[in-house]
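Following: one structure in C-alpha cells, then a few remarks.
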Amino acid sequence: MTSVFEEKNIHKAIIRVGLPAMLGQLTTLIYNIADTFFVSLTKEPATIAAVTLCAPILLIIMSIACIFGMGGSSVIARLLGQERIKEAGTTMNFCVYAMAISGILTLVLGLAFLQPLAKISGADADNIAYTCDYLRWIFLGAPFIMLANGFVHLFRSVGLIKESTVGLVLGNLINMVLDYVFIAALGWGTAGAALATSLGFVCATIYYITCMLRKEHEGNPFVPLTPKRFSPNATTVRNVVSIGIPGALITVLMSVSNIVLNNYISIYGSNAVASYGIAYKLDMIPILLSVGLSQGVAPFVGYYYGSNKKKRMSDIVKYTVLYGILIGTIFSVVFVFWGKSLATIFLQDDVLIEQTGYFLRILCLSAPLLGVINMITSYFQALGKAVKSLIITLLRNAVLFIPGVIVLNYFCKLDGVIAAQPVVETVLTVICIFMYINDIHSESN
C-alpha cells in the first residue's frame, strides 16, 4: 500500500497506476471490437446495428456499478490518506453488497421491460429481434457486470493495482474466446455475443471475490467481505453516493446521448448506423486509454488530497493531462491517415468502408482533448467535489451534446450528427480548464 502511494518519482507513480488501468481499458475495448468483428462475419448490417444500439444499455448497467465503485474508491482513498483504516474497510464492504443488490434489481427490471428498452434504444423492424436477443443475456448477467466493474475501482483505491487489472483482463479474454465459440463456431449471433460478455464478467467477479477472501484471511483490513461488516451508516452512504452518482451519470448521460445520436443516425438507415458503430468502436481506443489513465491516477489524487500534499496532487494532474494529450494526438494522426484501412478489418462493402473511414476522421479530431476533460473530471471526483464533476457531465452529455446533435443535423444532416462529438468536446475543454484553474486558486487560499 505505502509503496504504491508513496512512490517518489511522479512519472513512475503515474506509470505504475496508469499503465495497468489503461491495459484494463484496452482489453475492454478489444472485447468490444471482438464482439463487432465476430458479429460482422454474419455480413448482416442489422446485426452490427443491434450491437451498436445495445451498447448504451450495457453502459447504463455499468454506470450503476460506478455509484458504488467510483464513489467508494474516492471515499476510501481519502480515508486512507487520513489513516482511517477501519472506516475504509467498512466502506469497501458496503460498496460490494450494494453492487450485488443493485445487480439483482437490474436483472429483474431489465427482463420485465425488455421490448420497450429495445425500442427506446432505436431498434427498428430490421434489427429489433437481434437487439432483444442481445439485451436478454446482458440483463441476466447484470449482477456480475456490476460487481466486476465496481471491483476494478475499489481494488485500485486500496492499492491492489495488479489484482484490479488481472481481473479485468481475465474477464475480457474469456469474453473474446467465448465470442469465437458462440458466434463463429456455433452461429448464435448477437445472443452469443451477449452471453460471452456476461460469462466474462462472471469469471472476473469470481476472481475478485476469491482475492477478497484470500486478503481477508491474510488479515488485510481494507477488504472485509464478511456480512458482519455490512453496517453502513448514514455518513458512509451519503459520502459514497454523493460522489458515485455524478460518476455514474457520466456513463448514464453518455448512454442517453448515444441513444439520441443513434436515433438520429438511424434516420439515414442501418448502413449509417453500422458505419458509425465501427468508427465509434475504433475511436474508443483513445477514449478508453484516456479514461483508464485518469481513473488509474484518481486514487493518488484523493490520497494526496486527504494527506494534505497539494503540490504532489497538482503535479500528478498536470503530467497526467500531458500524457493524455500525447496519446490522443498519436491516435488522431493514425485515424486520419489509416482510418479507411482499419475499417476493412470489419467490412467488405466498399461504400461502408469509405463511409466508416470518413466518420472516423471526424470523430478522432477531439482525441487530444480527452486528456484534459477526463483528468479534470477524475480530479473533481477524487476530491469529493460532486457538484463540479456533475456540471462537466451535464455539459458534456446533455446541455451541449444533445442540442448540438439536433442543430447540426438540421444544418448539415448526417455529417453534422457525426461532427457533434468533436465540436462539443472542443468547447468543453475550454470550460474544464477554467474550472480547474479556479478550483486550484480556491484551494490555495
Side-chain angles (χ1 to χ4, degrees), residues 1-22 69-85 87-88 91 152-161 164 222 239-240 242-244 246-247 250 290-327 370-393 429 431-445:
M1 172 66 188
T2 303
S3 62
V4 175
F5 283 86
E6 297 297 337
E7 171 64 59
K8 300 300 182 184
N9 186 293
I10 289 178
H11 298 284
K12 286 184 179 179
I14 293 173
I15 290 171
R16 287 187 65 180
V17 297
L19 279 182
M22 291 167 68
M70 294 178 67
S73 173
S74 173
V75 173
I76 291 167
R78 281 179 281 126
L79 288 172
L80 293 179
Q82 298 164 6
E83 299 185 354
R84 294 158 65 182
I85 306 301
E87 291 177 58
T91 302
V152 171
H153 300 288
L154 294 173
F155 272 39
R156 287 176 189 156
S157 69
V158 295
L160 299 176
I161 309 298
S164 170
F222 305 143
N239 289 341
V240 170
S242 66
I243 300 302
I250 293 175
S290 174
V291 168
L293 180 61
S294 60
Q295 289 183 354
V297 303
F300 268 166
V301 175
Y303 181 86
Y304 294 133
Y305 182 75
S307 56
N308 202 32
K309 297 178 180 178
K310 302 294 179 63
K311 175 65 167 58
R312 180 80 167 176
M313 178 190 73
S314 297
D315 287 343
I316 287 285
V317 172
K318 178 177 67 176
Y319 287 114
T320 302
V321 166
L322 292 175
Y323 284 137
I325 292 172
L326 176 61
I327 292 168
L370 298 172
V372 178
I373 297 171
N374 290 328
M375 187 60 245
I376 293 177
T377 302
S378 292
Y379 164 82
F380 287 126
Q381 290 170 349
L383 268 57
K385 298 186 177 184
V387 174
K388 292 183 178 181
S389 173
L390 182 59
I391 288 171
I392 296 174
T393 300
T429 298
I431 296 172
C432 285
I433 291 171
F434 276 110
M435 289 179 66
Y436 176 72
I437 292 172
N438 182 66
D439 189 77
I440 289 294
H441 286 163
S442 66
E443 284 288 337
S444 61
N445 293 334

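Computed from a prediction, not measured in an experiment: that's the story for all the values here. One-based numbering along the sequence shown.
The two atoms that bring A77 and P299 nearest to each other are CB-O, 3.6 Å, heavy atoms only. The heavy-atom pair separating I161 from R16 by the smallest distance is CG2-O, 3.8 Å. L293 approaches G324 most closely through the heavy-atom pair CD2-N, 3.9 Å. A pairwise comparison of heavy atoms in A382 and R78 identifies O-NE, 3.1 Å as the closest pair. Between Y323 and H11, the shortest heavy-atom contact is OH-ND1, 2.6 Å. Nearest approach of L80 to A88, heavy atoms of both residues: CD2-CB, 3.7 Å.
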Using a 3.5 Å cut-off and no angle test, enumerate the donor-acceptor pairs between side-chain atoms of residues 313-321 and protein atoms at least two apart in sequence or in another chain.
from	atom 1	to	atom 2	distance (Å)
S314	OG	K310	O	3.1
D315	OD1	K311	NZ	3.3
D315	OD2	K311	NZ	2.7
T320	OG1	I316	O	2.6

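Atoms CD1 and OH, from I440 and Y379 in turn, are 3.5 Å apart once rounded to the nearest 0.5 Å. For the atom pair E83 CD and S307 OG, the distance stands at 9.0 Å (nearest 0.5 Å). The OG atom of S389 lies 7.0 Å from the CE atom of M70; values are rounded to the nearest 0.5 Å. Rounding to the nearest 0.5 Å places CG of N9 at 8.0 Å from CD1 of I15. Taking CG of N374 as the start and OG of S294 as the end, the distance is 4.5 Å to the nearest 0.5 Å. Annotation: the span from L79 atom CG to N239 atom CG amounts to 8.0 Å, rounded to 0.5 Å.
Taking the side chain as every heavy atom from C-beta outward, I327 and M22 approach each other to under 4.5 Å. Residues C432 and I392 meet the side-chain proximity criterion, which asks for heavy atoms closer than 4.5 Å. Between Q295 and Q381 there is no side-chain heavy-atom pair separated by less than 4.5 Å. Side-chain contact between D439 and L383 is present, with at least one heavy-atom pair separated by less than 4.5 Å. Side-chain atoms of I10 and F300, non-hydrogen and from C-beta on, never get closer than 4.5 Å to each other. You'll find the side chain of L160 stays beyond 4.5 Å of the side chain of L154, heavy atoms only. Counting only heavy atoms from C-beta outward, the side chains of M375 and V297 approach each other to under 4.5 Å.
Side chain of S164 to backbone of V152: a donor-acceptor contact under 3.5 angstrom is found. No donor-acceptor pair closer than 3.5 Å links the side chain of S157 to the backbone N or O of I76.
In this structure, the side chain to side chain contact (heavy atoms under 4.5 Å, CB included) partners of L390, at least two apart in sequence or on a different chain, are P246, L249, L394.
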